Number of protein chains: 2
Amino acid sequence: MATASQVSPHIREKRRRRRAQILSAALRAFREQGYHATTLEHIAERLGVRKTALYHYFPDKEALLYACHLESLAQVHRTVAEARERFTTASEQLAHVIREHVRVMTDTLEGSPLAFETTALAPAHQAEVIASRDAYEHALREMIERGIAAGEFRPVDPKVPVFAILGAINWIARWYRPEGSLHAPELGNQFADHLIHGLACR
Amino acid sequence: MATASQVSPHIREKRRRRRAQILSAALRAFREQGYHATTLEHIAERLGVRKTALYHYFPDKEALLYACHLESLAQVHRTVAEARERFTTASEQLAHVIREHVRVMTDTLEGSPLAFETTALAPAHQAEVIASRDAYEHALREMIERGIAAGEFRPVDPKVPVFAILGAINWIARWYRPEGSLHAPELGNQFADHLIHGLACR
DNA sequence: TAAGAATTCTACTACACGTTCAAATTCTGT
DNA sequence: ACAGAATTTGAACGTGTAGTAGAATTCTTA
């Protein structure tokens, strides 16, 4: 039977890069027009290729969407891990997550799928993505709870500020344009400042 | 030529109510599955009717979307006017707008279209909706600027908190379910508290 | 209760788009 | 330069769905 190791590293790497290009094109198209309004021809057009070429890398349209989701979820989970490694106080950790989440929404746009609806995903993929989002939300909630316990934050139902924070950041996908004047890290700092100050004790 | 006054008030009222029913069904469908994923048959199904019946009230699918947008925009603009009439300080006005915006996102769901993308609208309609959204954003920006001038708020670029506030609130359309535990006005109060406290001077 | 208006239905059309498949082309390693 | 693999293409198919037309039904009013 054929094994993966039979193809040369060079070929594998080339294919990996091509997949990334396709994913990036799909991401941008989905972000601008939404999943359903985006045709495979639109995505292919951005790559100077016909839509059928895409099938060499992804089995169907939904797979493109799913891959976009996984990519962005990995980003924010990595950020949570970083925050826990590098910082101790809840405010510092939360600020880091906010700044980095803003960054992936603006610098690379790779965070955009966090703002996508999950309804277009296949049921199994949808469940997985929702679970991963829940885990992210849970991590933020935990930070806020620790901040409250430590006396950094006012005692509130942590669910509410988590939704507010994620909404504020994910909404960036709607209005942000790379040509505009607002960019991370400045935007990230201001968001972190505003949203965390809203939690802080007087 | 036929004039509107030839049909009886009763008929006009009945038709008006039917339109509202259809719009409400469309709104909920769009909110749950997105515009493109929603078929006219879906909307009709909620009303116990066939899709072709809808064409008696709206010329096409896009008209449904457009009407949804107009409805919700009218709501928030009304709220801004109310805030200016009833309150004087920037914090009070802003708090009122936030609470009411949260309310239309949860109580009636009629605010949901504020969270819809505008790309599915016909160009002319899109331009109009975007202009109306801009006016709403501008009103919020103005409140924040006045709050800064009055010393209520810290001096910041007002654009940033406006985006944060609108994102936090509009994001409600994504996670809010009427069966859940969080509801306006409690949710509205907490959002107003969190988001305005984030602007306040220490 | 009957005429006419309003509403909804059935049957149909047109077309956009996801997907398949085999042929054509380009790339890779020897 | 050649063989074989990787990639892309053109042509075609099937399906889902927005929208149309006219008949059937229900509602309104006098």
Side-chain angles (χ1 to χ4, degrees), chain A residues 1-26 29-30 32-68 119-122 125, chain B residues 1-26 29-30 32-68 119-122 125:
Chain A
M1 59 190 85
T3 65
S5 57
Q6 286 180 352
V7 300
S8 77
H10 176 220
I11 293 290
R12 284 183 70 83
E13 174 63 13
K14 194 182 160 194
R15 184 181 174 85
R16 197 193 60 77
R17 271 213 281 268
R18 191 64 171 145
R19 276 181 59 104
Q21 283 180 349
I22 293 173
L23 231 46
S24 173
F30 293 155
E32 286 170 22
Q33 323 183 306
Y35 176 74
H36 291 287
T38 300
T39 71
L40 290 173
E41 204 61 70
H42 282 146
I43 297 170
E45 204 174 356
R46 290 175 181 244
L47 300 160
V49 105
R50 295 270 170 229
K51 65 179 172 182
T52 45
L54 306 180
Y55 284 88
H56 205 254
Y57 300 90
F58 295 91
D60 52 31
K61 190 184 176 187
E62 191 265 353
L64 284 166
L65 182 65
Y66 177 54
C68 286
T119 51
L121 291 166
H125 292 165
Chain B
M1 59 190 85
T3 65
S5 58
Q6 285 180 350
V7 301
S8 78
H10 176 220
I11 294 291
R12 284 184 71 82
E13 174 62 15
K14 192 182 160 192
R15 184 180 174 87
R16 196 192 61 75
R17 272 212 280 268
R18 190 62 170 148
R19 276 181 59 104
Q21 283 180 352
I22 293 172
L23 231 46
S24 173
F30 292 156
E32 286 170 21
Q33 322 183 308
Y35 176 75
H36 291 287
T38 300
T39 71
L40 290 174
E41 205 62 70
H42 282 145
I43 298 170
E45 205 174 356
R46 290 174 182 244
L47 300 159
V49 106
R50 296 266 171 237
K51 69 175 173 185
T52 45
L54 305 180
Y55 285 89
H56 205 253
Y57 300 91
F58 295 91
D60 53 29
K61 189 184 177 188
E62 191 266 352
L64 285 166
L65 183 65
Y66 178 53
C68 286
T119 49
L121 291 166
H125 291 164

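Letters A, B, ... mirror the listed sequences (proteins, then strands); counts begin at 1. Since the model is a prediction, treat every value here as computed from it, not as a measurement.
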Review point. So which one's nearest nucleotide on DNA chain D is more toward 5', B/Ile11 or B/Tyr35?
Key: B/Tyr35
Review point. Counting any heavy atom closer than 4.0 Å, what does A/Thr39 reach on the DNA or RNA strands: base, sugar-phosphate only, or nothing?
Key: sugar-phosphate
Review point. Between atom CG of B/Leu65 and atom CZ of B/Phe30, what is the distance when rounded to the nearest 0.5 Å?
Key: 5.5 Å
Check your understanding: Could you give the CG-to-C1' distance, from A/Leu65 to C/dG18, as a whole number of Å?
Key -> 15 Å
Review point. Rounded to whole angstroms, how far apart are CD1 on A/Ile43 and P on C/dT19?
Key: 11 Å
**Study point:** A/Arg50 side chain near D/dT7 phosphate (N/O to OP1/OP2, under 4.0 Å)
**Key:** no
Exercise for review: Let me know the distance between CZ of A/Arg12 and C1' of C/dC27, rounded to the nearest Å.
Suggested key: 18 Å
Review point. When rounded to the nearest 0.5 angstrom, what distance separates NE2 in A/His56 from CZ in A/Arg15?
Key: 6.0 Å
Practice item. Could you please name the option among D/dT8, D/dA18, C/dT19 that lies closest to any side-chain atom of B/Lys61? Key: D/dA18
Check your understanding: What nucleotide, of D/dT8, C/dT10, C/dT8, holds the atom closest to the side chain of B/Thr52?
Key -> C/dT10
Point to revise | Distance, rounded to the nearest Å, where B/Arg17 contributes CZ and C/dA6 contributes P | key: 17 Å
Point to revise | OP1 or OP2 of D/dT7 under 4.0 Å from side-chain N/O of A/Arg15 | key: yes
Review point. Salt-bridged, A/Arg46 to A/Glu41, with N to O below 4.0 Å?
Key: no
**Study point:** Integer-rounded Å distance: C/dT7 P and B/Lys14 NZ
**Key:** 6 Å
Check your understanding: Around B/Glu45, counting heavy atoms of other residues, nucleotides and ligands shown, do more than 12 lie under 6.0 Å from its CD?
Key -> no
Practice item. Give a yes or no answer on whether the side chain of B/Glu62 reaches the backbone of B/Leu121 with a donor-acceptor pair at less than 3.5 Å. Key: no
Review point. Within the structure shown, what part of the strands sits under 4.0 Å from A/Lys51 by heavy-atom distance: base, sugar-phosphate, or nothing?
Key: base
Practice item. Mark yes when over 12 heavy atoms from residues, nucleotides or ligands other than A/Arg50 sit less than 6.0 Å from its CZ; otherwise mark no. Key: no
Revision key, fill the gap. Rounded to whole Å, the OH-P distance (A/Tyr55 to C/dT19) equals 4 Å
Practice item. To the nearest Å, give me how far apart CZ (B/Arg18) and C1' (C/dA6) are. Key: 12 Å
Check your understanding: Between the two ends of the helix from C/dT1-D/dA30 to C/dT30-D/dA1, what is the bend in degrees, rounded to 10 degrees, where each end axis spans five pairs?
Key -> 30°
Review point. Could you give the CD-to-P distance, from A/Glu41 to D/dT8, as a whole number of Å?
Key: 14 Å
Exercise for review: Report yes or no: does B/Thr38 contribute a side-chain atom to a donor-acceptor pair with the main-chain N or O of B/Gln33 at less than 3.5 Å?
Suggested key: no
Check your understanding: Would you say D/dT7 has OP1 or OP2 under 4.0 Å from some side-chain N or O of A/His56?
Key -> yes
Practice item. Could you check whether A/Tyr57 gets within reach of a base, just the sugar-phosphate, or nothing at all, counting any heavy atom under 4.0 Å? Key: sugar-phosphate
